[in-house]
Amino acid sequence: MATILRLSVLRGAQGSRGLFLQTPVVKPAHVSAFLQDRLSPGWCGAQHIHLSPSCHAGSKAASVHWTSERAVSVLLLGLLPAAYLNPCSAMDYSLAATLTLHSHWGLGQVVTDYVHGAVPQKAAKAGLLALSALTFAGLCYFNYHDVGICKAVAMLWKL
């Protein structure tokens, strides 16, 4: 009962617009670069946020990419404990490949979401590709010429 009385206070005085209760929660978006809804007969005025570019909407490649991102994430969940329990060069190179791929895809989504414009986005994606290639090459070099990722992490934990 106290809650109902408290909410009635927020409604406003005698028919005036209230602070919270009479304001619409979902506002329509008629034209927006990021919200690509079309006015159709069944349109209820709600906004739908599209997380991927419209050129990939409904494509098989986008679905396969999404599935492979999830598969690499699940692979990392099993690979990390396996690398701890059985440190060897195969685990080192597997970690180098999956960690680089996982971080490349994650940073690619950051570039897609936060870099606007065609030219800056292409430059950022080219820089990301170069960074990912250097990361993978550096990890492979570290695995071949030094102790490897698994033993390096174990050495850090012993400190």
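The residues of the chain are indexed from 1 along the displayed sequence.
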Next item on the list: Supply the atom-to-atom distance Lys151 NZ to Met91 CE, rounded to the nearest 0.5 angstrom.
Entry: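 Taking NZ in Lys151 and CE in Met91, the distance rounds to 13.5 Å.
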Checklist line | Euclidean distance, Leu107 CG relative to Lys125 NZ, rounded to 0.5 Å | finding: 12.0 Å
Check: Are Leu99 and Leu101 joined in one hydrophobic group, where the rule is that I, L, V, M, F, W and Y side chains link up if heavy atoms are under 4.5 Å apart?
Finding: no
Check: Side-chain contact, heavy-atom cut-off 4.5 Å: Leu80 with Leu95?
Finding: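 A side-chain contact exists here, since the closest heavy-atom pair is under 4.5 Å.
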Throw together a table of side-chain donor-acceptor distances under 3.5 angstrom for residues 129-148, partners on residues two or more places apart or in other chains.
unit_1 : atom_1 : unit_2 : atom_2 : d
Ser132 : OG     : His104 : ND1    : 2.7
Ser132 : OG     : Leu128 : O      : 3.0
Thr135 : OG1    : Leu131 : O      : 2.7
Asn143 : OD1    : Ile149 : N      : 3.1
Asn143 : ND2    : Asp92  : O      : 3.2
Asn143 : ND2    : Leu139 : O      : 3.3

Item checked: Minimum heavy-atom distance between Ser94 and Ala90, given as atom pair plus value -> OG-O, 2.8 Å
Check: Can any side-chain N or O of Ser103 pair as donor or acceptor with the backbone N or O of Thr100 at less than 3.5 Å?
Finding: yes
